Structure formats: structure tokens, C-alpha cells
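Report on the following structure.
Just so we're clear, the structure is a prediction, and the values are computed from it rather than from any experiment.
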Amino acid sequence: MIAGAGANVSSWDYRLVEVGRIVLINDGPYAGKLAAIVEIIDHKRVLVDGAKTSGALRQAISLSHVTLTPILVSKLPRSARSGTVEKYWKEADVDAKWGVSGWAKKIASRNTRRELTDFDRFKVMVLKKQRRYEVRKAHAKLRKAAA
């Protein structure tokens, strides 16, 4: 008997390529936009459609150019038209779910840092120095009280 062969995996959270799965487009003119998988063309390509709020148009796209997200629009019919996708998108509240995700926050933070001017970077440096000074002062006070 092989060691560990009796292990049962009761929960799995794979991000499956399925109709209704929300994807983040990584390449092309719609990079950074969200879209829903509407139809699976073959094992390498899918048909995606974004809601008007996402900005991505209906297109066939390679799976190597998208990242699957954990968000799923349930009960989205196969080959749904753009209006239907828009309706199910709003019902599933995709924009709100994406907005509160850590992934979206990290992308927003990265974009904010990318757009900083030289003076903004200087202000960030000064604030970090002030924070570091306060932390060191509090740490020294605690050390002195413990001794």
C-alpha cells in the first residue's frame, strides 16, 4: 500500500474554466479589464464578454491571456448575448465583489504608486521616517520600563 493513498480531499477550490467564470484579461487592448466566460471554444480559447462597466468587448481570447478569478456568475446561459451578460453581471454584483477583493486592492495600490510624482514619493519617504521615529520611541520607552 502506498503511504498517503487513503487521503481524502473533501474541499477543492479550483478555478475551473466554466461558463460564467469571471476572468481578468492580462494582454491586449483590454488588459486589466474583467470579463465573463460566455462560451468555451476549445481547450485553449474561450469567448468572453464584459459588462459595460468593465469596458471589455465580446471577443475570443486565449486562456493564456486571462487569469481566472474566484468570482462566478451562476446560471449564465451558454452563448449569452451582451444584454443577458449585463443582466446576470448586475445580479451577481460582480463589480462590488471585485472591488472588495484583495486582488483588486493590490492592483489599485500598484497603479497609485506607479502614478506618483517625484514630490509625492518624497512625501511618502518623510511620512515613513516619521512613523519609524514614533515606533522606535515607543519601543525604547517599553524597553526602559521593562529594565
**Report entry** Heavy-atom donor-acceptor pair, Arg121 side chain to Leu116 backbone, under 3.5 Å
**Finding:** yes
Query raised in the report: Quick one: does Arg15's side chain have a donor or acceptor within less than 3.5 Å of a partner on Leu68's backbone?
Result: yes
**Report entry** Contact check, side chains of Leu127 and Gln130, non-hydrogen atoms, under 4.5 Å
**Finding:** yes
Query raised in the report: Is the backbone N or O of Ile22 less than 3.5 Å from a side-chain atom of Thr69, with the two atoms forming a donor-acceptor pair by type?
Result: yes
Query raised in the report: Under the ring-ring contact (aromatic ring centres under 6.0 Å, His included) rule, what pairs show up with a residue in residues 102-134, not counting sequence neighbours?
Result: Trp98-Trp103
Requested in this report: Indicate, with yes or no, if Tyr30 and Ile107 share a hydrophobic cluster defined by side-chain heavy-atom contacts under 4.5 Å among Ile, Leu, Val, Met, Phe, Trp and Tyr.
Outcome: no
Query raised in the report: Got a donor-acceptor contact below 3.5 angstrom from the Gln59 side chain to the Asp49 backbone?
Result: no
Report summary line: Heavy-atom nearest pair, Glu39 first then Arg78, reads OE2-NH2, 2.5 Å
Query raised in the report: How many angstroms lie between atom OG of Ser79 and atom CG of Leu47, to the nearest 0.5 angstrom?
Result: 7.0 Å
Query raised in the report: What is the minimum heavy-atom distance between Val85 and Ala36, and which atoms define it?
Result: CG1-CB, 4.4 Å
**Report entry** Exercise: identify the closest heavy-atom pair between Val66 and Asn26
**Finding:** C-ND2, 3.5 Å
Query raised in the report: Does a sphere of radius 6.0 Å around CZ in Arg58 hold more than 12 heavy atoms from other residues, nucleotides or ligands, not counting ones at 6.0 Å or beyond?
Result: yes
Query raised in the report: What's the shortest heavy-atom distance between His65 and Ile61, and which atoms?
Result: CB-CG1, 4.0 Å
**Report entry** Any side-chain heavy-atom pair of Ser74 and Tyr88 under 4.5 Å
**Finding:** no
Query raised in the report: Taking all atoms of both residues into account, what is the closest heavy-atom pair of Ile37 and Val17, and its distance?
Result: CD1-CG1, 4.1 Å
Query raised in the report: Nearest 0.5 Å, what's the CD-OG1 distance between Glu115 and Thr117?
Result: 11.0 Å
Query - Atom pair OG/CZ of Ser109 and Arg114 - distance to nearest 0.5 Å - result: 10.5 Å
Query raised in the report: Does a side-chain heavy-atom distance below 4.5 Å link Leu76 with Trp89?
Result: no
Report task. Verify side chain to side chain contact (heavy atoms under 4.5 Å, CB included) between Val126 and Lys123, making sure each step is shown before the conclusion. Result -> CA-CA 5 Å; Val126 169; Lys123 291 191 288 188; 5.7 Å; no
Report task. Report whether Val38 and Val94 are members of the same hydrophobic cluster (ILVMFWY, side-chain heavy atoms less than 4.5 Å apart, transitive linking). Result -> yes
Query raised in the report: Does Glu18 pair with Arg21 as a salt bridge, N-O distance under 4.0 Å?
Result: yes
Query raised in the report: Which is it for Arg131 and Glu134 under the salt bridge (charged side-chain N to carboxylate O under 4.0 Å, His left out) test, yes or no, and what are the steps along the way?
Result: CA-CA 5 Å; Arg131 182 179 64 191; Glu134 293 298 325; over 6 Å; no
Report task. Kindly say whether Leu34 contributes a backbone atom to a donor-acceptor pair with the side chain of Ser54 at under 3.5 angstrom? Result -> yes
Report task. Apply the test side chain to side chain contact (heavy atoms under 4.5 Å, CB included) to residues Val46 and Leu63: give CA-CA distance (whole Å), side-chain angles for both, the deciding distance (0.1 Å), then the verdict. Result -> CA-CA 7 Å; Val46 291; Leu63 286 171; 3.8 Å; yes
Requested in this report: Grab the two heavy atoms, one from Ile41 and one from Ala60, that are nearest each other, plus how far apart they are.
Outcome: CD1-CB, 3.6 Å
Requested in this report: Output the distance between atom OG (Ser82) and atom CG (Leu57), rounded to the nearest 0.5 Å.
Outcome: 8.0 Å
Report task. Answer whether the closest heavy-atom distance between the side chains of Lys129 and Arg132 falls below 4.5 Å. Result -> yes
Query - Under 3.5 Å donor-acceptor, Thr112 side chain and Ala108 backbone - result: yes
**Report entry** Under 3.5 Å donor-acceptor, Lys97 side chain and Ala92 backbone
**Finding:** yes
